[in-house]
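This report refers to the structure that appears directly beneath it.
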Amino acid sequence: MGKRFPEYKTLDLSQINKDILKIWDENDTFHKSVRELNDKGEFVFFEGPPSANGIPGIHHVMARTIKDAICRFKTQCGFEVKRKAGWDTHGLPIELGVEQALGITKEDIGTEKISIEDFNKACRTDVMRYTDLWEDLTRKMGYWINMDHPYVTYDSRYIETLWWLLKQLYSKGYLYKGYTIQPYSPAAGTGLSSHELNLPGCYRDVKDTTCIALFKLIRDKKSEFLFKNIDTDTVHMMAWTTTPWTLPSNTALAVGEDIIYIKVRSFNPYSGNPVTVIIAKDLLKAMFPDSDSAGELSDYKTGNKKLPYKILEEFPGRKLHGINYEQLIDWVKPDPGAFKVVTGEFVTTEDGTGIVHIAPTFGADDYRISKEFGIPPMIVKRKDGSFGPMVDKKGYMVPIADLDDRFVKDRVNISTYKDFEARPVKNEYDASIPEGSETIDVDIVVMLKQQGKVFRIEKQIHSYPHCWRTDKPVLYYPLDAWFIRTTAFRERMIELNNTINWKPQSTGTGRFGKWLENLVDWNLSRTRFWGTPLPIWVTEDRKEEMCIGSAHELKTEIEKSVKAGFMKKNPLENFVPGDNSQENYEKFDLHRPYVDEIVLVSPKGKKMFREPDLIDVWFDSGAMPYAQAHYPFENKENFHDMFPADYIAEGVDQTRGWFFTLHAIATMISDSVAFKNIISNGLVLDKNGNKMSKRLGNAVDPFTTIEEYGSDPLRWYMLTNAQPWDNLKFDMAGIDEVRRKFFGTLYNTYSFFALYANVDNFRFTERDILVNMRPEIDRWIISLLNSLVREVRKCYEDYDLTRAGRAIQDFVTENLSNWYVRLNRKRYWGGDYDNDKIAAYQTLFACLETVSRLAAPLAPFYMDQLFRDLNNTTGRHNEESVHLAIFPEHDESLIDKNLEDRMDIAQKISSMILGLRRKVSIRVRQPLAKIMIPVPDKSFKAKFEAVKDLVLAEVNVKEVEYIDDTSAVLVKKIKPNFKTLGPRYGKLMKEISNAVMSLGQDEITAFENSGTHQIDINGQRVALTLEDVEIISEDIPGWQVANDGKLTVALDITVTEELRYEGIAREFVNRIQNIRKENGYDVTDKITVNIEDHDFVREAVKRHASYIGSQTLATTVNLVNSFSGNNIREVEIDDVIVKIVVSRNN
RNA sequence: AGUCCCGUAGCUCAGUUGGUUAGAGCGCUACACUGAUAAUGUAGAGGUCCGCGGUUCAACUCCGCGCGGGACUACCA
């Protein structure tokens, strides 16, 4: 039995990090953990793929710690937790990064400057630029994930699964081509992503002409009610716009269903003609700011500043629904069904008139609502047969010359339109227009004014987005795009979402739930270069379409095309269907430009070209449950073992990103959730609460942090400082605190254990001493330990890592170290190796060993070292690592709440007595005779008896005296119990409270004796029982007394001669121990002590020589008159200086 | 603008179904203790529990309206 518990000089968590990593590598611990413990079946985890073209930040440590901890916990519980790493390799950020690196823009790609081929090649290398860093971080932070065969989204097999998924949707009719209103830069000729729109400086204040237009209602059955009680021939609705150039494309008006509207009689301020108009009631004052309803309509003269008005009627918006109106500007005739009033949820009364002008071709809301109610958009037919909005892609009103002749003849009013055709809607689009020239907006408004169709014209400043490349205003413009009909699955997605366990719950029901309720179809199209191509081929007349769902299918179709003579060669000719090896799938590339070169043949024998779009990268990542398995080409049979996930975790910013796409695809393809439990964490901010950014220089580098502190304190800090979904204000000082407070204390506790266990040769070879044979304090810490195991397991199972960590930390620092070890120190040093000592070692060992297993998911490095140090010496477990050891189970029979209560009392009373000592300046080494404790009831006395010795030893007092409840020496205080009285007496509480508090000592005593008391409150009799009050013994006159809640304790501070001698003896013990230590003696060395004979100490040393000797391992303690030698020390005891010599025996 | 999160001591955070002295750690001040010692204990100072209303006998806690910080989605007359 040569093995000893390793003892360390210092706690170096950074070094431990490295040592343990080495051991894990040597033993292949991670792979073993996945394989060896799997008796409970699979626990499925999905890794959200990071993009490797960015440098990992500290927030990644946060998210990954959360992922890792749960997976490690489940592993310890006996599940097989496979976790495959992955890389997100497509997408705009990567393209933009490459553009920047190469100094090019999107327009250059596919030109002479750079081919698509070269650009994509650059993307492919660039995207994996920092994989080394990522792998390094993964390793160092202790994130266990299988990086042997990560899934990579640009891999042909991955893309093949995506195509298969798309084809499933396509075949069921859920993939369709439509158009959507997107931000579009006419100057740059390209659509803009929301990302580009959010670049700083994009939104700028501009001055635009706004107007309130008057839409004339058509009198029919629906509108008849509006024409009653009026003195004008017409009724108009007023609508405000900041973009008058969209008015010619108006095809509807929107009102709020529940908004109250009013019909008002007034005048057109420009023409002076009487008008009857409709606006929202709330906006009346905004429409007639200078007016006065008291003004008589008949007094009005054209040009008057004040517009008199009169409210004729009010009604809710829903009554307006379906009413028809005349076209405002008759340049082009739309399809039938236009010019209707409809109701829309987005209508507010915050500005404008409460009536919204709808131009479906130029607004997202407009487009949506027009679709909902079947309102046709204003569409023109061009010479080439295509249809489009009234504004062309360069930002000009469509020139008549571009329009289809027949269309012009049937639909266009040339006489009114000719003055406006071919003008830019924003002057910025035409460089030849001098600055300051009138805009088309102004001309349109002037025209409306002449026609009496406008109520007010104003210049207004508002913020408007600009293209970050050209600096010119952006247009919201309808663009072609492919959509997934996610709206068809909305209900099902909501249903399935309700079965998911969200942490925090509110993200699931709130942010995610609301998002699902307002779901729109998923716009899949991206007009970019580096991404998964849309596998749809279409004939030029767009009559035939084909969606390809696998490489095999593509190969077959190309073969047909080669046969038809459309292609010379099959790029997939060497591909062997069914061979899923990487080599086989590297024989071709599905990316652009190669996929664009593939021309297929339609069933009718026509050429088919690929739709040039790429798909949204979020589809890539959302499809990972399928694509990481290359489903269904591989893993078809065992797919149910890897889907859905039991657990995922990412930042809350992924709610509409990865969380949504996972959920959507799983719902649509498998009618299942993609994940059952989810933790979404918040942001990591700097210590001042600012967002971290490279620009501000406040970003924290995870590598240097781990190097300095080690991963464990970093992980522990991040998880325990705040709930993961709260933002974390990251402060290095916090990591340091965790290191000192938690790891330092745990390390100290272990060091203490190791020191004495080695001295006593404790190796846990003895049989476990029955718990009920161990002393009270052992049973107490064992009880707490089992409570802790129960709680921690519950927290982990509830995915609450923060509470788990806090509970462990609290146990270690407060209970184990600060109470159990502190009170038990004497059991470990000196004395015989008897059952009591063995029990002490076994108890402390069990605590440390259990803590190592409880905390291993959170702090995998140090806990493994602790576990190994304990285990290698004792062989208690077969497992070589804590991560292979089973998670502890609690033993309910060892939990004794009563015992925990009594120890709580002991702790409180001890600290109260120490407080009293401090108050009267009597140091703890000075023994005192007794304490007195009032006993409120019998059970209290029994409780305290059990812990009496602990308390007395801790506070250095000889005995305890219980004061009987009825004793007259106690001064009592009485307080009402609101909890019992409140429900019964309600409003009388205040007065009852006053009455109870003012009871005198005699009354209280009488109350206690009889058990009841009656008081009168305003003539009402209130009967009190002892349940209804709390009686505290507050004071014992003539004694030093302390109170804490119900507890009261008194201290006898008389120091007798005998006590004083004992106190002096203790002072000597203390001084001698210090000298031993200064002299560097081993804890087992025997010594001889000579003390100068001095009046002040003589009696004390004489009487307590053997006590001093036993405490300091002194074989003799002598009083001497003179000293020789050079090791004479002077010690000061109560201001008296005494010489002393301590020497080691040979 | 909408949805969600957060707001408690100088700082970081607890605060269980509403119950009357709102807690801990860090930091600060003072004093102790010391064979775990780069620890530890005790005491002190430090709070309009973001504000205003409401419900209630009683609100840090429940409801409403705001304010401040943050995230996401949108940008619309």
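This is a predicted model, so every value here is computed, not measured. Throughout, protein chains are lettered first and strands after them, A, B, ... in sequence-line order, and every chain is numbered starting at 1.
In this structure, the CD1 atom of A:Ile909 is 19 Å from the P atom of B:G41, given to the nearest Å. In this structure, CG of A:Leu823 is placed 13 Å from P of B:G41, rounded to the nearest angstrom. Summarising the geometry, the separation between CZ on A:Phe512 and P on B:A71 is reported as 21 Å, rounded to the nearest angstrom. Between the CZ atom of A:Phe660 and the C1' atom of B:U3 there is a distance of 16 Å, rounded to whole Å. Taking atom CG on A:Asp366 and atom P on B:C75, their separation rounds to 11 Å, with Å as the unit. In this structure, A:Asn815 places its CG atom 20 Å from P of B:A36, rounding to the nearest Å. The interatomic distance linking A:Leu516 (CG) with B:C4 (P) rounds to 14 Å, in whole Å. Nucleotide B:C4 holds its P atom 18 Å from the CD1 atom of A:Ile678, rounded to whole Å.
Partner assigned to B:C57 is B:G19, using Watson-Crick or G-U wobble distances below 3.5 angstrom. Remark: B:G41 base-pairs with B:C31. Criterion, Watson-Crick or G-U wobble with two distances under 3.5 Å. In this entry B:A14 has no Watson-Crick or G-U wobble partner, no candidate having both defining distances under 3.5 Å. Pair check for B:G51 finds B:C65; Watson-Crick or G-U wobble, both atom distances under 3.5 Å. As the counterpart of B:C72, B:G2 is assigned, both hydrogen-bonding distances of the Watson-Crick or G-U wobble pattern falling under 3.5 Å.
The ring-ring contact (aromatic ring centres under 6.0 Å, His included) test applied to A:His357 returns no partner, not counting sequence neighbours. In terms of the side chain to side chain contact (heavy atoms under 4.5 Å, CB included) criterion, residue partners of A:Trp725 (sequence neighbours excluded) are, by chain and number, A:Lys503, A:Pro504, A:Gln723. For A:Arg825, the salt bridge (charged side-chain N to carboxylate O under 4.0 Å, His left out) test picks out no residue, with sequence neighbours left out. Applying the salt bridge (charged side-chain N to carboxylate O under 4.0 Å, His left out) criterion to A:Arg803, with sequence neighbours excluded, gives no partner residue. The side chain to side chain contact (heavy atoms under 4.5 Å, CB included) test applied to A:Ala722 returns A:Asp726, not counting sequence neighbours. Residues passing the side chain to side chain contact (heavy atoms under 4.5 Å, CB included) test with A:Glu791, sequence neighbours excluded: A:Cys795, A:Ala807. Evaluation of the side chain to side chain contact (heavy atoms under 4.5 Å, CB included) rule for A:Tyr184 yields A:Pro186, A:Lys393, A:Tyr477, A:Leu479 as partners, not counting sequence neighbours. Every residue two or more places apart in sequence or in another chain was checked for a salt bridge (charged side-chain N to carboxylate O under 4.0 Å, His left out) with A:Glu372, and none qualifies. When the salt bridge (charged side-chain N to carboxylate O under 4.0 Å, His left out) test is applied to A:Asp521, no partner is found at least two apart in sequence or on another chain.
At least one side-chain nitrogen or oxygen of A:Tyr476 sits closer than 4.0 Å to the OP1 or OP2 atom of B:C76.
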Dump every N/O contact between nucleotides 23-27 of chain B and the protein below 3.5 Å, one line per pair.
unit_1	atom_1	unit_2	atom_2	d
B:G25	O2'	A:Glu737	OE2	2.8

Each nucleotide N or O in nucleotides 17-20 of chain B that has a protein N or O under 3.5 Å away: list the pair and distance.
unit_1	atom_1	unit_2	atom_2	d
B:U17	O4	A:Lys979	NZ	3.3

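Looking only at atom types and distance, the side chain of A:Thr246 has a donor-acceptor partner in the side chain of A:Thr243 under 3.5 Å away. A donor and an acceptor atom, one from each side chain of A:Gln926 and A:Asn956, are nowhere located under 3.5 Å apart. No hydrogens or angles considered: nothing links the side chains of A:Trp716 and A:Asn721 as a donor-acceptor pair under 3.5 Å.
Across the C1' atoms, B:G46 and B:A22 are found 14 Å apart, a figure rounded to whole Å. Here the separation of B:C33 from B:G41, taken at their C1' atoms, is 7 Å to the nearest Å. For B:C60 and B:C49, the C1' atoms lie 5 Å apart once the distance is rounded to whole Å. Separation of the P atoms belonging to B:U16 and B:C62 is 9 Å when rounded to the nearest angstrom. Between B:A45 and B:C28, the two C1' atoms lie 8 Å apart (nearest whole Å). When the P atom is used for both B:A24 and B:U42, the distance is 10 Å, rounded to whole Å. Spacing of P atoms, B:C57 relative to B:C65, comes out at 24 Å, to the nearest Å. On the C1' atoms, B:G68 is 42 Å away from B:C31, given to the nearest whole Å.
Residue-to-nucleotide contacts include a donor-acceptor pair under 3.5 Å from the side chain of A:Ser817 to the base of B:A36.
The aromatic rings of A:Trp245 and A:Phe362 sit perpendicular, their planes meeting at an angle over 60°, well past the 30° parallel limit.
Aromatic pair A:Phe660/A:Trp618: centroids not less than 6.0 angstrom apart.
Using a 4.0 Å heavy-atom cutoff across all strands shown, A:Asn1070 reaches sugar-phosphate atoms only and no base atom.
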What is the per-nucleotide protein-contact pattern of nucleotides 8-14 of chain B, from the 5' end, where B denotes a base atom under 4.0 Å from a protein heavy atom, S denotes such proximity for sugar-phosphate atoms only, and - denotes neither? ----SSS
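Positionally, the nearest nucleotide of RNA chain B for A:Trp819 lies more toward the 5' end than for the other of A:Trp819 and A:Ala239.
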